[in-house]
Amino acid sequence: MSFKAAAIQMCSGVDPVKNAADMARLVRDAASQGAIYVQTPEMTGAVQKDRPGLRAVLRDEPNDIIVKTASELAKELGIHLHIGSTAIALDDGKIANRGFLFGPDGKLINRYDKIHMFDVDLDNGESWRESAVYRPGSEARIASLPFAELGFSICYDVRFPQLFRAQAVAGAEVMTVPAAFTRQTGEAHWEILLRARAIENGMFVIAAAQAGKHEDGRETFGHSMIIDPWGKVLASAGGTGEAVVIAEIDVAAVKSAHDKIPNLKNAREFSLEKIATPAAGGVAA
């Protein structure tokens, strides 16, 4: 019921070959410390905001270097390796922001495409339109692993609690949130969102993040962390540079949290009615 998990913090650049080598080095470090589940951040393969530049290095899934390297690493090290996400070329000209989970035999267990697109305008002038480039996913999945029921999300998905609740109700014990949070939104919301998702669903949350100033000019928040079902941060990294964040996951703590506060069981259906405000001097109908 207990296993060692690792969240890999990276500062991926624009070259997938270099990023694959950096990933492999960090994953081997995590495995040498006893981690049997290792998660990398969102966009492990390339952080590149220049669209022509990104398309120039894109490959389809069978030919992607991150996918190939991850499969080989998982088999070599005998671990479950979760690529938080990498950009994958699709047949329709769009791109998938896709996560991959490989088993100790190197075989693919699950793929997950990010559902919610980061289409926002921030106060510092940053503007993002993921939907212009990426094709959103439409399916949530839970992987039944030997040591835990694992749920999936990617970055902006963390702002949609219904995705986490649906997986918790379906039995997920550990939720994954690989990310490349901007520095501005990360400072404001990163930790509180992760801890809220853990607390309200009584589950562990593992969040591997991109961190620091990237080759393409963007800056990501970092602070990769692992959180228990009571909202306690078990381990975390800083805001810049590489890191290997490791914690022991005692899956029995999920049942303990649900026994103490059984909000999943106590949830009720309800109706919603919007009441019109009466005009001055009038009476509401």
Side-chain angles (χ1 to χ4, degrees), residues 7-14 19 39-51 54 83-87 95-99 112-137 140 151-165 167 175-201 203-227 231 233 235-243 245:
I8 301 296
Q9 183 159 291
M10 298 178 65
C11 187
S12 294
V14 299
N19 295 331
Q39 178 193 129
T40 72
E42 181 183 28
M43 288 300 156
T44 293
V47 172
Q48 170 63 282
K49 65 182 177 183
D50 177 69
R51 292 178 187 175
L54 177 60
I83 301 303
S85 87
T86 198
I95 302 170
N97 187 345
R98 180 169 292 170
Y112 169 74
D113 287 357
K114 184 177 181 178
I115 293 174
H116 300 98
M117 297 291 95
F118 190 54
D119 290 355
V120 302
D121 300 297
L122 302 177
D123 291 341
N124 65 355
E126 287 185 66
S127 183
W128 302 93
R129 291 293 181 273
E130 283 188 340
S131 62
V133 179
Y134 293 94
R135 186 177 74 189
F152 297 85
S153 76
I154 296 174
C155 201
Y156 192 48
D157 283 336
V158 76
R159 295 184 183 271
F160 298 85
Q162 64 272 27
L163 175 62
F164 288 69
R165 177 51 57 94
Q167 293 181 75
M175 276 298 297
T176 61
V177 192
F181 250 61
T182 67
R183 182 185 59 79
Q184 184 181 8
T185 57
E187 288 177 346
H189 299 147
W190 172 247
E191 182 175 332
I192 196 168
L193 283 170
L194 293 173
R195 294 180 69 192
R197 297 295 88 84
I199 293 166
E200 67 198 8
N201 294 299
M203 56 168 54
F204 286 91
V205 169
I206 303 174
Q210 296 282 355
K213 293 185 178 179
H214 299 261
E215 285 181 288
D216 73 340
R218 83 179 72 186
E219 188 173 0
T220 52
F221 184 64
H223 295 87
S224 302
M225 60 182 66
I226 300 174
I227 303 167
V233 178
S236 63
T240 58
E242 297 177 345
V245 177

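Note: hydrogens, waters and symmetry copies are ignored here, and every other heavy atom, side chains too, is used.
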Any side-chain heavy-atom pair from Ser153 and Met175 closer than 4.5 angstrom? yes
Donor-acceptor pair, distance only, cut-off 3.5 Å: does the side chain of Thr176 make one with the backbone of Ile206? no
Would you find a donor on one side and an acceptor on the other, under 3.5 Å apart, between the side chain of Thr40 and the backbone of Gly84? yes
Tell me, please, which residues at least two apart from Thr220 pass side chain to side chain donor-acceptor pair (under 3.5 Å). His214
In chain order, what residues pass the side chain to side chain donor-acceptor pair (under 3.5 Å) check against Glu42, with sequence neighbours excluded? Asn97, Lys114
Not counting sequence neighbours, which residues clear salt bridge (Lys or Arg N to Asp or Glu O under 4.0 Å) with Arg197? List them please. Glu200
What are the two closest heavy atoms between Ser224 and Ala7, and how far apart are they? CB-CB, 4.5 Å
Side chain proximity check, Asn19 to Thr44, heavy atoms < 4.5 angstrom: no
Taking atom CD1 of Ile95 and atom CD of Glu130, what is their separation to the nearest 0.5 Å? 10.5 Å
State, to 0.1 Å, how close Gly222 and Ala209 come at their nearest heavy-atom pair, and which atoms those are. O-CB, 3.6 Å
Between Ala237 and Ala243, the two heavy atoms sitting closest are CB-CB, 3.7 Å
For Tyr112, enumerate each residue passing the ring pair (Phe, Tyr, Trp, His ring centres under 6.0 Å) test, keeping only those at least two apart in sequence or located in another chain. none
Sidechain-backbone polar pair: Asp113 side chain, Pro136 backbone, donor-acceptor under 3.5 Å: no
If we only count heavy atoms from C-beta on, is the Leu193 to Arg159 side-chain gap below 4.5 Å? yes
Atom CD of Glu219 and atom CD of Gln184: how far apart are they, to the nearest 0.5 Å? 11.0 Å
Mind listing the closest non-hydrogen atom pair of Gly231 and Arg195 along with its distance? O-NE, 2.8 Å
Measure the shortest side-chain to side-chain distance between Glu242 and Gln9 over non-hydrogen atoms and say whether it is less than 4.5 angstrom. no
Please name all residues satisfying side chain to side chain donor-acceptor pair (under 3.5 Å) with Arg51, sequence neighbours left out, ordered by chain then number. none
CD-CD1 distance between Gln210 and Ile8, expressed to the nearest 0.5 angstrom: 11.5 Å
Looking at every non-hydrogen atom in both residues, tell me the closest pair between Lys49 and Gly217 and how far apart they are. NZ-C, 4.3 Å
Counting the benzene-type ring for Trp, do Phe164 and Phe160 have ring centres under 6.0 Å apart? no
Measure the shortest side-chain to side-chain distance between Phe221 and Glu187 over non-hydrogen atoms and say whether it is less than 4.5 angstrom. yes
Just wondering, do His223 and Phe181 contact through their side chains at under 4.5 Å, heavy atoms? no
Please answer whether the main-chain N or O of Arg98 pairs with a side-chain N or O of Thr86 as donor and acceptor at a distance below 3.5 Å. no
Ile115 to Asp157 - nearest heavy-atom pair and separation: N-OD1, 3.6 Å
List in chain and number order the residues that pass side chain to side chain donor-acceptor pair (under 3.5 Å) with Gln167, two or more places apart in sequence or in another chain; answer none if no residue qualifies. none
